[in-house]
Amino acid sequence: DQPCELGHSIWDVALLAGCKHISKPDSALIIVLMVLNIMAQAVFLGIVYYIFTEQKFTDRFQEQLVEWRTHVGHNVMYYDPFTFSSLTERVCQPDKHTPELSSYISDQVTKMHTFLDKGNVVFNGSTLLIVAVFCWSLTIMREITNAWNISRAGR
């Protein structure tokens, strides 16, 4: 028999849920944290699967967007005197305007809106940001708690 040491992970702590030495509220908290962990990982996997499995915007493409915006989108030739808007404004705000040109650019703007959230409520870039900040916050709280416990132990 070799001794086994538990690590500092929710996966290891989950083994203790329901043990007779762990109170029922502590066991419930462990289970809640385990479920939150599984949900956060499922969201990460969903975002990776639905959004990040193909490269959509290469460096060259981004350069082309800048070129289009400066040379075509803001060109006075495409200014609309009736709506007082540039082509760039009409392409980037499809709800307000119907772009008559640059359907390729309109398609790219649509892809950007998809990443930012316009279609899928759960698996999108905004959710990724929220989950990442939530996980970061939990990590910071853990570090602060560890520092607090160390400072109390020295007294």
Side-chain angles (χ1 to χ4, degrees), residues 3-19 21-74 85-99 102-155:
C4 181
E5 188 174 306
L6 293 178
H8 299 273
S9 157
I10 188 64
W11 300 102
D12 292 345
V13 172
L15 297 172
L16 301 175
C19 289
H21 299 293
I22 304 294
S23 69
K24 289 185 189 224
D26 288 342
S27 289
L29 179 62
I30 290 170
I31 292 169
V32 166
L33 291 174
M34 185 67 181
V35 169
L36 283 174
N37 182 14
I38 291 169
M39 288 172 53
Q41 291 190 34
V43 168
F44 273 126
L45 290 173
I47 289 169
V48 168
Y49 178 76
Y50 286 108
I51 294 178
F52 299 119
T53 52
E54 65 182 60
Q55 183 177 6
K56 295 179 181 167
F57 305 112
T58 64
D59 291 339
R60 177 66 188 133
F61 172 74
Q62 291 174 18
E63 292 168 7
Q64 289 172 331
L65 281 179
V66 170
E67 289 173 16
W68 178 89
R69 183 175 182 171
T70 56
H71 296 101
V72 177
H74 288 298
S85 62
S86 67
L87 178 59
T88 300
E89 184 179 350
R90 294 191 305 275
V91 166
C92 292
Q93 295 179 347
D95 297 340
K96 269 179 85 174
H97 309 283
T98 304
S102 299
S103 62
Y104 175 74
I105 298 298
S106 293
D107 291 342
Q108 300 311 312
V109 170
T110 300
K111 287 180 182 179
M112 291 177 204
H113 282 282
T114 300
F115 171 80
L116 292 174
D117 118 28
K118 301 302 177 196
N120 197 321
V121 178
V122 178
F123 300 118
N124 57 52
S126 300
T127 303
L128 175 63
L129 176 64
I130 291 167
V131 172
V133 169
F134 175 72
C135 292
W136 174 79
S137 300
L138 290 177
T139 301
I140 295 300
M141 284 191 274
R142 182 186 68 204
E143 295 299 325
I144 290 171
T145 301
N146 289 344
W148 175 258
N149 290 338
I150 290 171
S151 71
R152 288 181 51 208
R155 293 182 187 175

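Keep in mind that this is a model prediction, so the values were computed, not measured.
Here the side chains of L29 and P25 are not in contact, with every heavy-atom distance at 4.5 Å or above. Put simply, the side chain of N37 reaches to within 4.5 Å of the side chain of Q41, judged on heavy atoms.
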- Message: One pair to check against side chain to side chain contact (heavy atoms under 4.5 Å, CB included): E63 and V66. What are the steps and the verdict?
- Response: CA-CA 5 Å; E63 292 168 7; V66 170; 5.8 Å; no

- Could you walk me through whether M141 and L138 pass side chain to side chain contact (heavy atoms under 4.5 Å, CB included), step by step? CA-CA 5 Å; M141 284 191 274; L138 290 177; 3.6 Å; yes

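Heavy-atom minimum distance, S27 versus G18: OG-N, 2.9 Å. Heavy atoms only, all atoms of each residue included: L16 and I22 are closest at O-CG1, 3.5 Å. Heavy atoms only, all atoms of each residue included: I30 and A14 are closest at CG2-CA, 3.7 Å.
T70 contributes atom OG1, which lies 10.5 Å from atom CG of L65 (distance to the nearest 0.5 angstrom). Taking OG from S137 and CD1 from I130, the interatomic distance works out to 11.5 Å, rounded to the nearest 0.5 Å. Interatomic distance, CD of Q64 versus NE2 of H71, reported as 13.0 Å (0.5 Å rounding).
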